[in-house]
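Accompanying notes for the structure given below.
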Amino acid sequence: FEEDQSLLDDGDSSILSNWILVHTRHPKDDAERFSLNGREYCIPIINDPAKHVAVKKGAQTSISEIMVRESVARLIKYPSTKCLYALPTYDDVQFFSDTRIATVLEKSPTIQRLNRKKDNQSMKQIGDSFLIIRGGAEYRHAQMLDIDWLCIDEYDRHKESLIPSFQERMSGSRYQFQRDFSTPSV
């Protein structure tokens, strides 16, 4: 783990995309590293040092999967932190957690070497950090959380009135990264 951690300690945010390529696996082939071939447009999104990044995406562009991988890399880069990954509904949480997030975590030998005591559909422990997955249908899903960054998946499908509640959860953090991404709705 110390060797893996050193990959993220040089202060260069571009290392996040490199870490993803080195330490995560292809979703359908454990032996093959994850690749951004054909999705090179994701590299500047991952490496953007801005505190708040908003992405308008097309369907089936892999942005959601990339954002999970970026979130995991940040959780490892910044130990003892929390990321809220917000999805529009609880049904989305169940499906996405089981199919997308679990696949990223389970297929990575690097992540498997870390403490993973807490592992359910709504919370994944990664070392001393946590990925918290919530459906944004109700305010109560944001209550009692203190987070360091926020990923809002399918931003356009969330109740607009709940977004500030999610953002307030970062008020005590020194990091306060926010990533919003969505396929535009009509």
Side-chain angles (χ1 to χ4, degrees), residues 1-40 42-49 51 53 62-87 92-135 145-153 169-170 172-179 181:
F1 176 67
E2 289 175 13
E3 179 182 328
D4 301 328
Q5 184 67 35
S6 69
L7 290 171
L8 294 167
D9 283 341
D10 69 354
D12 179 1
S13 66
S14 69
I15 204 70
L16 291 176
S17 63
N18 294 338
W19 191 92
I20 289 167
L21 295 173
V22 171
H23 296 284
T24 65
R25 297 289 182 250
H26 188 281
K28 295 183 176 25
D29 184 353
D30 294 1
E32 186 179 333
R33 286 184 177 169
F34 184 74
S35 171
L36 290 170
N37 291 341
R39 296 179 294 234
E40 291 83 0
C42 293
I43 294 170
I45 296 168
I46 296 166
N47 296 333
D48 194 323
K51 291 286 188 175
V53 174
S62 302
I63 298 293
S64 294
E65 183 172 350
I66 298 300
M67 290 298 102
V68 167
R69 292 170 191 273
E70 178 188 343
S71 297
V72 169
R74 285 187 189 278
L75 289 167
I76 293 170
K77 180 176 183 173
Y78 305 106
S80 302
T81 55
K82 297 177 200 141
C83 173
L84 173 60
Y85 198 99
L87 293 153
D92 294 330
V93 168
Q94 291 179 304
F95 180 77
F96 195 82
S97 182
D98 287 348
T99 60
R100 296 284 190 81
I101 296 172
T103 301
V104 170
L105 300 178
E106 291 167 7
K107 290 183 178 275
S108 168
T110 300
I111 296 167
Q112 286 301 311
R113 288 195 310 262
L114 301 175
N115 177 11
R116 299 272 332 282
K117 289 179 185 173
K118 187 74 168 175
D119 187 1
N120 58 51
Q121 286 181 330
S122 62
M123 185 179 298
K124 307 287 187 185
Q125 185 172 1
I126 302 165
D128 293 331
S129 298
F130 291 90
L131 180 61
I132 302 161
I133 308 105
R134 293 283 191 269
L145 293 176
D146 61 315
I147 59 172
D148 298 288
W149 54 87
L150 171 63
C151 287
I152 304 177
D153 197 342
R169 306 293 103 203
M170 292 189 293
S173 173
R174 65 181 180 168
Y175 300 112
Q176 298 186 18
F177 291 111
Q178 182 172 339
R179 301 293 184 257
F181 38 103

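Fair warning: this is a prediction, and the values are worked out from it, not measured in the lab.
- By the 4.5 Å heavy-atom criterion applied to side chains, Leu36 and Ile66 are counted as neighbours.
- Between atom CG of residue Leu16 and atom NZ of residue Lys77 there is a gap of 5.5 Å, rounded to the nearest 0.5 Å.
- Applying the ring-ring contact (aromatic ring centres under 6.0 Å, His included) test to residues at least two apart or on different chains, the pairs with a partner in residues 94-120 are Tyr85-Phe96.
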- Task: Could you go through the side chain to side chain contact (heavy atoms under 4.5 Å, CB included) check for Ile111 and His23 one step at a time?
- Result: CA-CA 8 Å; Ile111 296 167; His23 296 284; over 6 Å; no
- Query: What do the steps show when you test Trp19 against Ile76 for side chain to side chain contact (heavy atoms under 4.5 Å, CB included), and what is the final call?
  - Reply: CA-CA 10 Å; Trp19 191 92; Ile76 293 170; 3.4 Å; yes
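- Asp148 meets the side chain to side chain donor-acceptor pair (under 3.5 Å) test with Ser173; sequence neighbours excluded.
- Looking at heavy atoms from C-beta onward, Gln125 lies out of side-chain contact with Asp119 at the 4.5 angstrom threshold.
- Between Asp30 and Arg25 no salt bridge is recorded (no basic side-chain N to carboxylate O distance below 4.0 Å).
- Distance check, rounded to the nearest 0.5 Å: CG of Leu131 to SG of Cys151 gives 8.0 Å.
- The heavy-atom pair separating Ser129 from Leu75 by the smallest distance is OG-O, 2.9 Å.
- The two residues Ala102 and Lys124 come nearest to each other via the heavy atoms CB-NZ, 4.5 Å.
- Under the 3.5 Å distance criterion, the side-chain polar atoms of Gln176 are matched with a main-chain donor or acceptor of Met170.
- Of the inter-residue distances, the one linking Glu65 atom CD with Ile101 atom CD1 reads 11.0 Å to the nearest 0.5 angstrom.
- With values rounded to the nearest 0.5 angstrom, Ile133 atom CD1 is found 9.0 Å from Gln121 atom CD.
- Contact of the Arg134 side chain with the Leu84 side chain is registered, since non-hydrogen atoms from C-beta on lie closer than 4.5 Å.
- Contact between Phe34 and Pro27 at its shortest, heavy atoms only, is CD1-CD, 4.3 Å.
- Using a 4.5 Å cut-off on side-chain heavy atoms (C-beta onward), Lys82 and Ile132 make contact.
- Put simply, OG on Ser62 and CE on Met67 are 11.0 Å apart, with the number rounded to the nearest 0.5 Å.
- The shortest non-hydrogen separation linking Asn47 to Ser17 is ND2-OG, 3.0 Å.
- Rounded to the nearest 0.5 Å, atoms CG (Asp48) and CD1 (Ile43) are 13.5 Å apart.
- In this structure, the side chains of Arg100 and Thr103 stay at 4.5 Å or more apart for every pair of heavy atoms.
- For Lys51 (side chain) and Tyr175 (main-chain N/O), a donor-acceptor pair under 3.5 Å exists by modelled atom type.
- In this view, Asp128 satisfies the salt bridge (Lys or Arg N to Asp or Glu O under 4.0 Å) rule with no residue, not counting sequence neighbours.
- The closest donor-acceptor contact from the side chain of Gln112 to the backbone of Leu105 lies under 3.5 Å.
- Side chains of Val72 and Thr24 form no contact here, defined as non-hydrogen atoms less than 4.5 Å apart.
- Side-chain N or O atoms of Ser108 include none that pairs as donor or acceptor with a backbone N or O of Val104 at under 3.5 Å.
- Closest non-hydrogen pair, Ile46 versus Arg74, comes out as O-NH2, 4.2 Å.
- Taking every heavy atom of both residues into account, Glu70 and Arg179 meet most closely at OE2-NE, 3.3 Å.
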